[in-house]
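None of the values given here were measured: they were computed from a predicted structure. Order of the sequence lines sets the chain letters (A, B, ...), proteins ahead of strands, with each chain counted from 1. Computed from heavy atoms alone, side chains included, the values below leave out hydrogens, waters and symmetry copies.
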Amino acid sequence: MKALFRYFSSIFSAFKSLWTGMRLTFYYLSHPKTILTQQYPENRKTLYIPEAFKGEVVLIHDENNEHGCTACRMCEMTCPNGTIKITSITEETEDGKKKKILDEWIYNLGMCTFCAQCIEACPQNAIKMQNTFEHSVYDRKELIKKLNHPGSKLKSTKKI
Amino acid sequence: MEIPKQLIPLEDTPGEFVINVGPQHPSTHGVLHLRIKLDGEKILEIEPHLGYIHRGIEKISESLGYRQSIYLTSRMDYLSAHMNNQACSLLVEKGLQIEVPDRAKAIRILMVELQRLASHQLWWGSAGLDMGAVSPFFFAFREREQILEIFEETCGTRLTMNYITPGGVMNDLHPDFVKKVKALIKQFKVNIHEYDKLLTGNIIFQKRTQNVGFLPRDLAISLGASGPVARASGISCDIRKLHPYDGYEKLDFSEIVMDKGDSFTRYLVRIEEMKQSMHIIDQLIDNIPEGDYRARVKGIIRLPEGEYYQRVETARGELGVFVVSDGNKTPYRIKYRTPNFSNLGALQYIAKDSKIGDLVAIMATLDLIIPDIDR
Amino acid sequence: MILMIGFKDITLWIHQMLSGYLNPGWVVASEALLVGLAMILLVVIMAVAMIYMERKVAGFMQLRLGPMRVGLWGSMQAFADVLKLLLKECLTPNGADKLLFSLAPFVVLTVSFLALAPFSFAPGLQLWDLNIGVLYISAVSSIGVIGILMAGWSSNNKYSLLGGMRSGAQIVSYELSAGLSIIAIVIMCGSLSIHDIILSQSDGWWIFKGHLPAMFAFVVFVIASTAELNRAPFDLAEAEQELTAGFHTEYSGMQFAMFFLAEYTNMFIVSMVGTTVFLGGWMPFHIVGFEAFNHLMDYVPSFIWFFGKTFFILFLIMWFRWTFPRMRIDQLLKLEWKYLLPLSIINIVIAAFITIMGWHF
Amino acid sequence: MGSGSLILLMFCGILFAGLAIGLGKVFSIKTYNTEKGEAYECGIQTEGTTWVQFNVGYYLFSLIFLVFDVEIVFLYPWAVVLKEIGMVAFTEILIFSLFLFMGLLYAYKKKALTWV
Amino acid sequence: MSKEELKAYLEVNFPTCKFEDTIDFPVVIVEQGQLLSLLKSLREAPSTDFDLLFCQTAVDYKTRFEVIYHLSSTTFRHDLVVKVLLDDREHPELESIFSIWKAAELFENEIFDLFGIRFLNHPNLRRIILGDEWQGYPLRKDYTDANILIP
């Protein structure tokens with residue numbers, strides 16, 4: 001008799017436990033407001049990407065098309081993957097000193113792991129991470145970017 | 001090279017055959033390859049084959065600086081990226097004897113506990129998914145998404161953080177951090193009951209996991225299991241309690257130890273751990289000390305000659321970092337004692353003589369992260 | 001009020017029209033063509049509707065929207081899928097039993113078509129009023145397992161083999177309690193003909209009239225038929241996390257689509273059986289004493305009643321699938337042999353007792 | 001339509017499946033790759049033969065099924081005429097199902113219903 | 001037992017062992033032949049009870065290998081590091097400790113795979129990570145990428 005009781009009570013409790021789960025899913029079925037899906041390309045305008053999001057490395061240029069990179073290559077050395085290639089040219093300044101000037105700041109987005117150690121390493125704070133995220137291109141070569149704008153030059157710190 | 005011993009299909013034993021589960025299988029959560037000898041539905045032997053995503057992190061680290069090696073650790077157990085970074089940072093701090101500011105410690109614990117929550121949530125979802133319940137996966141992602149958004153705001157990434165660095169953390173908290181975490185915890189304290197409704201209390205789920213995959217205490221110790229897997233077998237092994245770091249000793253939380261050792265207990269331990277994590281966050285969120293978020297550490301780190309070992313509690317167990325330094329800027333030898341590697345060892349013992357369906361349940365509750373095993 | 005004309009008049013009209021133009025042999029042939037087309041259309045339309053419903057139900061239960069891209073609210077998604085499957089190559093694995101491998105989808109689909117014969121969708125809209133209609137359906141639909149076994153065995157794939165074997169054990173077991181639960185109603189109405197069963201429910205559906213035994217039979221029927229359909233929580237034959245795709249692992253392209261279509265057709269059939277036997281077929285919902293209400297209900301066309309109830313059972317089955325975890329093979333069989341079967345036998349005895357005493361309405 | 005409908009429906013099913021699969025064969029884009037012919041086993045080559053003798057656990061159930069399926073076949077005609085015959089039929093079937101029930105109990109006690 | 005007690009205990013029982021100290025753990029350096037008996041006694045002696053092998057690894061010191069066992073006890077919560085030196089670089093061989101700790105199975109497989117140290121009496125010694133077709137042992141210091149592998 002006791003076994004029989006246990007038999008039926010197990011059936012009852014099983015149904016009860018299943019019913020609680022079904023009630024929950026029905027609750028969400030009947031409350032479409034709980035839906036979290038974002039319709040991505042359509043909601044581009046309202047999409048919230050935090051400022052700190054590490055999307056890609058950019059070289060900061062100001063309005064005079066000047067950047068802060070002194071071609072010291074600290075970032076290149078810090079980068080764990082060899083994402084950054086910096087080429088410099090040696091130029092003679094007016095007072096006869098030889099000075100390294102940035103020629104090309106090559107950044108391979110395809111190899112970047114967004115660890116932001118180059119940003120940490122930069123003594124001039126010349127580079128930063130931007131929160132852009134739609135990086136897909138048709139050719140892998142397009143991911144290799146030259147970050148210094150054409151015609152840009154080093155920020156002259158003496159002015160300040 | 002001698003041919004390694006492998007299971008060979010026994011032609012003379014009728015009914016037994018060898019089947020490969022993985023590397024491309026929906027229930028292995030990655031590319032784990034198990035060769036399984038079956039008798040009908042019953043599992044006779046399991047042989048794990050690893051290395052499908054072996055990236056040689058230990059070898060690569062030998063040619064990278066300490067700072068650079070840390071970013072690699074995020075990619076081991078990608079669901080406990082913060083903990084992995086923390087272990088390396090703690091080791092460097094121990095070697096260089098750097099005092100970490102209080103604020104940084106508090107931020108670290110907050111981040112780590114949030115990560116633990118996120119990790120367990122994903123585990124919960126995938127555990128349900130492994131047993132054929134699809135909906136829990138999406139419920140789990142609802143909460144995890146919020147945590148990842150918080151990470152995104154402060155750390156800049158969602159998965160591979162590289163946020164905890166030697167000396168502190170990479171950057172300061174986002175202004176919305178406290179507000180969002182509070183909202184999250186408040187929400188999750190309600191939503192965790194849905195977890196009970198969908199899986200914990202569900203009779204089918206209980207029958208699938210109860211009395212399945214017993215890991216006895218002795219075996220668990222002998223196998224070096226750690227984390228929730230070991231704690232479900234009655235072993236107290238929480239590094240946060242045994243070897244506190246980053247100020248865990250000041251916090252009030254309890255280690256969840258249960259002693260039945262079956263799949264369902266492992267499940268319960270993780271659910272309870274989520275509650276404990278929330279409790280820790282509750283204590284800290286209003287009391288984040290002001291001050292620096294990072295101590296000054298030189299750009300290029302050179303650890304003094306010697307051997308170092310640092311362990312932390314990740315979401316899956318004890319992560320040990322063993323470093324042999326010869327005084328150079330790169331580690332001479334670095335070894336990651338990853339929790340999943342040891343927990344994997346348990347699989348072939350506990351899944352023996354169970355059914356294929358049980359294997360999936362056992363793997364779900366062991367919560368293996370394959371990149372962490374392969375490194 | 002074209003709907004009030006009834007389908008009998010329409011078929012009669014078509015018959016007369018055709019007879020006017022053609023000789024009797026051609027009339028039969030062209031009628032057969034029409035009926036065949038109608039049946040294929042019914043199956044395809046229902047499958048598309050069910051796939052769409054399944055996706056939306058799943059989506060909404062999981063805080064998602066479901067398909068949204070193809071067509072308005074993703075309504076054309078199923079067609080896009082068919083197009084995709086059409087362009088996919090049908091592969092046959094090396095070492096497979098080629099004949100059985102390519103025969104299996106035919107078997108599975110043909111069987112589910114065959115089971116459609118005795119259903120009455122609306123008054124007069126019935127292909128063949130078989131006097132053993134219910135028995136015929138349960139007999140025919142169990143042939144489907146042969147197709148599944150064929151598919152699982154012939155694929156030369158161990159996952160498929162396991163899936164096929166599981167499916168065999170499972171369908172064979174649940175056949176029993178599905179049959180017993182229908183018998184409980186057959187006892188009460190005393191006929192196996194679908195038409196008679198529906199007519200016997202004009203004063204109330206069996207699930208209400210039959211007291212507890214009928215309700216219990218309905219619950220058992222829903223559980224058993226979910227299991228027979230190989231759907232979650234009983235989807236062991238194609239358990240994704242265990243056997244990747246079970247018996248149809250090796251099928252691709254349109255061959256896979258046939259299995260898919262057969263699964264949904266079987267779902268439809270099972271729901272129709274449930275509707276016919278327990279929920280009154282195309283009979284409207286009546287409450288004794290509320291004449292105005294009953295009259296209002298009569299205005300709703302009968303096929304809407306029928307398909308409404310069918311979709312209710314379909315929804316139940318989908319609801320199960322998107323809520324529960326999967327069972328294990330031994331638990332599945334335990335449920336059948338230790339719970340459903342003994343209780344069904346007892347249920348039959350009770351139902352018989354109630355019928356003899358005349359306690360049902 | 002009578003029994004002709006069965007032939008019609010069978011014809012429908014075969015025609016529909018044949019048409020669909022045939023269309024698929026026509027429209028599908030075919031490529032050749034040796035890997036395509038391999039049986040899917042998570043990307044690893046199958047070892048040994050697939051068609052092995054299988055564990056008996058499955059077959060035991062089908063044997064018991066046979067017993068009970070025959071019972072159900074007996075029950076159908078009984079169910080139809082139950083109202084007409086009345087109490088006699090009821091008692092008869094009571095005894096009949098009691099025997100079967102005992103058979104089930106026997107199978108249960110013999111652990112035939114436990115998965116091996 | 002504390003570090004000092006452990007050291008004293010080992011000095012008494014295993015007088016041939018050498019001792020070191022790192023920031024974290026006391027270290028015992030043991031002869032190859034004595035390894036198994038030392039570990040067995042550490043595991044079984046009730047006063048030490050090192051039942052947990054939480055890490056086992058190897059280091060290549062260019063001229064020799066060092067296999068390192070990190071032991072702990074779940075009852076006393078003390079830790080100990082046992083090191084064993086292997087001078088033979090060509091055919092490094094060592095006794096497996098699978099019979100004492102089951103955890104060693106995977107650890108030793110890994111060490112075999114990455115360092116090429118053979119473990120005798122190991123139940124299933126195989127290249128667990130890299131696979132049989134891999135040539136060379138990557139974590140050795142003289143390993144170069146030139147002699148890889150995989151077609």
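For A:E42, the CD atom sits in a packed shell: over 12 heavy atoms of surrounding residues, nucleotides or ligands are nearer than 6.0 Å. For NZ of B:K329, the number of neighbouring non-hydrogen atoms (other residues, nucleotides, ligands) closer than 6.0 Å is 12 at most. In the displayed structure, A:Y27 atom OH is contacted under 6.0 Å by at most 12 heavy atoms of other residues, nucleotides or ligands.
Here CG of B:N171 is found 11.0 Å from CD1 of A:I119. Values are rounded to the nearest 0.5 Å. The distance from atom OG1 of A:T37 to atom CZ of B:F138, rounded to the nearest 0.5 Å, is 9.0 Å. Remark: B:I203 CD1 to A:S10 OG distance equals 7.5 Å, nearest 0.5 Å. The distance from the CG atom of B:L72 to the CG atom of A:N81 is 8.0 Å, given to the nearest 0.5 Å. Put simply, NE2 on B:H193 and CG on A:L24 are 12.5 Å apart, with the number rounded to the nearest 0.5 Å. Here the SG-CZ distance, from A:C115 to B:R67, works out to 11.0 Å after rounding to the nearest 0.5 Å.
When each of B:R142, B:M161, B:E152 is checked for heavy-atom pairs under 4.5 Å with chain A, B:E152 comes out on top. The residue among B:K197, B:E149, B:R158 with the most heavy atom pairs within less than 4.5 Å of chain A is B:K197.
Listed by sequence position, A:A14, A:S17, A:L18, A:T20, A:G21 are the residues of residues 12-23 of chain A in contact with chain B, using a 4.5 angstrom heavy-atom cutoff. Listed by sequence position, A:Y48, A:P50, A:A52, A:F53, A:K54 are the residues of residues 47-54 of chain A in contact with chain B, using a 4.5 angstrom heavy-atom cutoff.
A:T113 places a side-chain heavy atom less than 4.5 Å from the side chain of B:R75.
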### Task
Kindly determine whether A:Y28 and B:E194 satisfy side chain to side chain donor-acceptor pair (under 3.5 Å), including the steps that lead there.
CA-CA 11 Å; A:Y28 283 113; B:E194 289 180 357; 2.3 Å; yes

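Within the 4.5 angstrom heavy-atom criterion, only side-chain atoms of B:F139, from C-beta onward, approach chain A.
Nearest heavy-atom pair, B:M170 versus A:Q117, reported as atom, atom and distance to 0.1 Å: CE-N, 4.4 Å. Of all the heavy atoms in B:Q68 and A:T78, the pair that sits closest is NE2-O, 2.7 Å.
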